[in-house]
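All remarks here apply to the structure that follows.
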Amino acid sequence: MTAFAGAAQAQSSVTVYGILDVGYVASNYNGTSITANAANVGNAAGGSTGGLNGKQITAGFGQSAESTSRIGFKGNEDLGGGTSAVFTLELGLSPNSNGAAASGTTTTTTALSTPAVFGQNNRQAFVGLKKNGIGTATVGTQYTPLFDVQSQTDAAGNNNLVGNMVYSGTLQSSTGSYNQGLAPYGGATANQNLNGDSGAYTTRVSNAVKFQSERMSGVAGQLFYAQANQTNNITGAQGASLNGGGVGGTNNNTAWGVNADYIWNKLQVVAAFQGIKSYNPAALATQTFAQSTFAAGTADSFGNNSSDQQGYAAAVYDFGILKTYLQYVNRKGTSLMDTSYTTTRSATQIGVKGNLTPVVTAYATMGAGNSAYYGQSLATNKFRGFQVGVDYFLSKRTNLYVAGGGFNQSGNGASALGQTAAAASGTNNSGTNAGMTGIAASNYAVGIRHTF
């Protein structure tokens with residue numbers, strides 16, 4: 001007991017923090033997006049009543065419409081000489097889901113231990129060292145450089161309602177949610193190309209090292225690198241079934257990124273770029289050139305043998321009573337097996353946020369963009385969206401809110417690939433899915449949010 005007490009006293013400070021966000025949430029979905037229509041509202045499979053070409057409306061009490069509910073622990077220990085040890089551990093919460101994993105908190109996380117989507121409920125988990133006057137270096141599951149600056153320059157505060165064209169939030173319903181930020185690519189597992197309702201960028205990456213500089217002369221910057229590589233020599237029955245046997249080689253899963261943040265008087269300008277590269281030689285046996293990244297495949301082949309590049313730039317000007325926002329995001333995925341197969345997504349968004357009274361804040365955003373898939377004869381998908389919201393602050397930590405958003409896309413990437421379900425077996429298929437009716441979705445929420 002004395003040893004534990006001594007360890008506790010050595011810790012300079014530990015802070016418990018979090019957000020609880022609950023309220024009434026409604027959604028309206030109409031279209032053929034496989035993942036959104038099935039995962040969001042529990043629709044029947046394609047061809048069944050209420051299936052892929054249907055319309056679904058949900059309403060009821062939900063959660064995390066304005067901010068994802070979470071609990072976190074952070075602390076620091078003074079090591080002397082201006083150096084301190086720091087840590088953060090943050091987990092998503094689902095106050096209306098009987099203890100289940102929080103919706104919309106993990107699917108934007110790329111786990112570099114494998115190319116598949118990170119499966120735990122970690123939002124952040126890292127430890128590191130801070131040096132006054134220089135910066136902070138940390139290791140663990142962390143936000144990417146793009147997210148760190150994008151989250152500071154979004155008028156709607158990266159809420160979880162549909163309609164944000166730069167953040168690509170979550171289509172919320174009272175029965176669940178569909179996160180539009182699957183990593184490293186958005187969309188259904190049967191389509192894997194970028195669309196308007198796909199993730200605009202990757203939010204978190206595991207196995208990452210980050211250095212964040214302190215702000216000097218108005219400028220702050222960040223360097224980011226992640227790696228989880230291994231070399232295999234597969235023999236025996238398993239090896240014999242892959243590429244003629246003896247499959248080996250290195251699984252290279254890496255990510256890197258940089259950002260810059262400049263503040264001058266009432267103007268803030270930011271820019272970020274990051275890349276994710278995944279190579280898995282064992283997956284080559286079941287993937288043709290066309291299918292290596294973006295065509296139909298199983299969930300565990302999601303993102304194998306691909307390069308993903310993401311960029312962002314934004315400017316914010318504070319007029320005092322009103323802030324104005326201009327944002328641009330661009331993403332490009334390329335197959336490492338055949339570089340003629342690429343998928344792109346870009347979007348621009350404007351926003352305003354202001355104080356109507358000392359305790360009432362309102363915001364509005366409007367954006368548009370397009371996505372395209374190259375390697376097959378496909379049209380470009382055009383999309384647009386908007387969000388509006390009002391916050392009434394009962395105190396510094398508690399507020400009531402009303403928010404809504406809408407999204408519309410001219411085409412549906414799940415159909416646009418020209419692949420049928422048979423392609424999941426690993427063979428090319430030139431068949432065409434029916435129902436290119438586009439996608440339309442809308443959300444609204446009335447709730448209460450408390451931060452602690």
Side-chain angles (χ1 to χ4, degrees), residues 12-13 15 17 67 70 72 74-79 81-90 108-110 123-158 164 166-167 200-227 255-276 309-320 323-331 349 351 353 451:
S12 298
S13 67
T15 301
Y17 66 94
S67 300
R70 70 197 71 173
K74 61 182 177 181
N76 68 82
E77 180 186 8
D78 187 359
L79 301 177
T83 302
S84 57
V86 297
F87 78 90
T88 293
L89 174 62
E90 183 178 290
T108 50
T109 303
T110 293
R123 290 176 53 85
Q124 300 183 83
F126 60 83
V127 65
L129 297 174
K130 178 182 179 180
K131 180 68 174 178
N132 293 340
I134 299 178
T136 305
T138 49
V139 182
T141 297
Q142 306 180 70
Y143 288 132
T144 60
L146 198 157
F147 175 81
D148 279 337
V149 293
Q150 187 276 325
S151 60
Q152 302 176 34
T153 53
D154 188 83
N158 283 358
N164 191 325
V166 171
Y167 179 61
Y201 62 87
T202 302
T203 299
R204 288 175 291 269
V205 172
S206 63
N207 303 87
V209 178
K210 177 193 287 188
F211 173 74
Q212 173 68 57
S213 75
E214 293 196 359
R215 193 174 298 276
M216 294 175 283
S217 300
V219 180
Q222 188 180 114
L223 299 175
F224 184 92
Y225 180 73
Q227 175 178 310
W256 65 275
V258 296
N259 73 26
D261 180 357
Y262 175 64
I263 297 177
W264 180 71
N265 293 332
K266 298 182 179 181
L267 175 67
Q268 180 181 15
V269 179
V270 302
F273 185 85
Q274 60 194 37
I276 301 172
Q309 297 179 331
Q310 309 164 17
Y312 178 76
V316 180
Y317 192 84
D318 188 353
F319 289 94
K323 281 186 177 182
T324 58
Y325 300 76
L326 175 63
Q327 301 169 277
Y328 173 79
V329 68
N330 183 73
R331 189 174 187 181
Q349 183 168 271
K353 184 176 183 179
T451 62

message: Minimum heavy-atom separation for V166 and A200, please, with both atom names.
response: O-CB, 3.0 Å
- line: What one should report as the nearest heavy-atom pair of G133 and M216 is O-SD, 4.3 Å
message: Please enumerate all residues that pass side chain to side chain contact (heavy atoms under 4.5 Å, CB included) together with A314, with sequence neighbours excluded.
response: T153, V270, Y312, Q327
statement: residues 208-220 vs salt bridge (Lys or Arg N to Asp or Glu O under 4.0 Å), sequence neighbours excluded, gives D148-K210, R215-D261
message: Would you say E90 and Y17 are linked by a side-chain donor-acceptor pair, where the criterion is simply a distance under 3.5 Å?
response: yes
field: Verdict with supporting geometry, Q349 and V329, side-chain contact (heavy atoms from CB on, under 4.5 Å)
entry: CA-CA 9 Å; Q349 183 168 271; V329 68; over 6 Å; no
query: Would you say the side-chain atoms of T88 and Q124 include a donor-acceptor pair closer than 3.5 Å?
result: no
task: I would like to know whether Y201 and Y167 meet side-chain contact (heavy atoms from CB on, under 4.5 Å); could you show each step before the answer?
output: CA-CA 8 Å; Y201 62 87; Y167 179 61; 3.3 Å; yes
statement: Smallest heavy-atom separation, V205 atom then A226 atom, equals CG1-CB, 3.7 Å
message: side-chain contact (heavy atoms from CB on, under 4.5 Å) for N158 and F147? Distances and angles first, verdict last.
response: CA-CA 10 Å; N158 283 358; F147 175 81; 3.7 Å; yes
- prompt: Any luck finding a side-chain donor-acceptor pair between D78 and S84 under 3.5 Å?
  reply: no
- request: Could you tell me if the ring centre of W256 sits under 6.0 Å from that of F273?
  value: yes
field: Atom pair CD1/CG of I134 and L129 - distance to nearest 0.5 Å
entry: 11.5 Å
query: Can you list every pair that meets salt bridge (Lys or Arg N to Asp or Glu O under 4.0 Å) and has a residue in residues 125-134, with sequence neighbours left out?
result: none
task: Might you point out which heavy atoms bring Q222 and P145 nearest each other, and give the distance in Å?
output: OE1-CA, 3.1 Å
message: Less than 4.5 Å apart, side chain to side chain, heavy atoms only: is that true for Q310 and I276?
response: yes
